[in-house]
Amino acid sequence: MAAEANSSDSSCSSNLNIIVQKNPSDSQLSELGIKSWPKWGCSPGKYLLKFDAQETCYLVRGKVKVYSKNTSEVVEFGAGDLVVIPKGLSCTWDVSVAVDKHYKFDG
């Protein structure tokens with residue numbers, strides 16, 4: 001089994017194999033074409049989600065804690081964060097502030 005390396009980059013964190021990039025630059029967002037991606041939103045509450053494909057999303061607003069039933073790890077992200085969620089993840093989104101996000105799926 002391969003060892004998993006932990007990145008020392010303070011602008012990114014990875015738990016549950018979710019990658020959170022805080023405050024990506026406008027040029028990076030423009031390069032990704034985020035404004036052309038579909039939008040999705042939800043009100044505060046708890047949502048059971050399963051990701052059948054990798055999702056990249058940019059939160060315009062909101063605050064989320066993500067829990068997985070397979071681990072005690074918690075991932076938090078919110079407005080201004082660029083997030084990559086791995087294919088196959090089943091998790092609970094605990095939304096404390098209503099979410100608006102742009103998203104795309106990568107197979």
Side-chain angles (χ1 to χ4, degrees):
M1 180 155 52
E4 194 170 306
N6 286 335
S7 171
S8 61
D9 181 354
S10 63
S11 67
C12 290
S13 61
S14 176
N15 285 323
L16 302 174
N17 294 320
I18 296 174
I19 300 166
V20 179
Q21 182 181 349
K22 302 278 184 193
N23 301 312
S25 68
D26 287 342
S27 61
Q28 181 183 2
L29 295 176
S30 178
E31 195 174 295
L32 290 168
I34 291 216
K35 290 185 178 171
S36 68
W37 296 359
K39 285 187 87 174
W40 180 85
C42 66
S43 56
K46 290 191 177 184
Y47 302 88
L48 294 174
L49 301 173
K50 181 169 191 320
F51 291 84
D52 295 324
Q54 176 177 291
E55 178 182 312
T56 302
C57 60
Y58 176 72
L59 273 73
V60 177
R61 73 179 182 122
K63 187 167 183 164
V64 180
K65 285 184 183 179
V66 177
Y67 306 86
S68 172
K69 63 183 177 187
N70 301 328
T71 176
S72 60
E73 288 182 272
V74 177
V75 179
E76 294 185 58
F77 49 86
D81 291 343
L82 184 65
V83 182
V84 179
I85 301 165
K87 178 178 180 176
L89 180 67
S90 291
C91 58
T92 299
W93 278 36
D94 185 353
V95 177
S96 58
V97 177
V99 167
D100 279 322
K101 69 175 185 172
H102 290 280
Y103 71 95
K104 74 177 181 105
F105 291 111
D106 303 308

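- T71 has its side chain within reach of L16: a pair of non-hydrogen atoms, C-beta onward, lies under 4.5 Å apart.
- With contacts defined as side-chain heavy-atom distances shorter than 4.5 Å, the pair V75/V20 qualifies.
- L49 CG to C42 SG: the interatomic distance, rounded to the nearest 0.5 Å, is 8.0 Å.
- The closest side-chain heavy-atom distance from Q21 to Q28 is below 4.5 Å.
- Scanning both residues, K101 and L59, for their nearest heavy atoms gives CB-CA, 4.1 Å.
- Closest approach of W37 to T56, counting heavy atoms only: CZ3-O, 3.5 Å.
- To the nearest 0.5 angstrom, H102 atom NE2 is 11.5 Å from L82 atom CG.
- By the 4.5 Å heavy-atom criterion applied to side chains, Y67 and C91 are not counted as neighbours.
- A centroid separation of less than 6.0 Å is found between the aromatic rings of W93 and F77.
- Here the side chains of P24 and Y58 are in contact, with some heavy-atom distance below 4.5 Å.
- Linking Ile, Leu, Val, Met, Phe, Trp and Tyr whenever their side-chain heavy atoms come within less than 4.5 Å leaves L32 and F105 in two separate clusters.
- Distance NZ/K87 to CG/N17: 14.5 Å, rounded to 0.5 Å.
- Considering every non-hydrogen atom in both Y47 and P44, the closest pair reads OH-O, 4.0 Å.
- Between D81 and N23, the shortest heavy-atom contact is OD1-N, 4.0 Å.
- Residues I18 and L89 are in side-chain contact: their nearest non-hydrogen atoms beyond the backbone lie under 4.5 Å apart.
- Taking each heavy atom of S68 and S90 in turn, the nearest pair found is OG-O, 3.7 Å.
- Note: the hydrophobic cluster containing V74 does not contain I85 (ILVMFWY, side chain heavy atoms under 4.5 Å, direct or indirect links).
- Under the 4.5 Å side-chain criterion, counting only non-hydrogen atoms from C-beta, K63 is in contact with S96.
- Enclosure of atom NZ in K50 by more than 12 non-hydrogen atoms of other residues, nucleotides or ligands within 6.0 angstrom is indicated.
- Counting only heavy atoms from C-beta outward, the side chains of V64 and D94 never approach each other to under 4.5 Å.
- Summarising the local packing, NZ of K65 is surrounded by 12 or fewer heavy atoms from other residues, nucleotides or ligands at distances under 6.0 Å.
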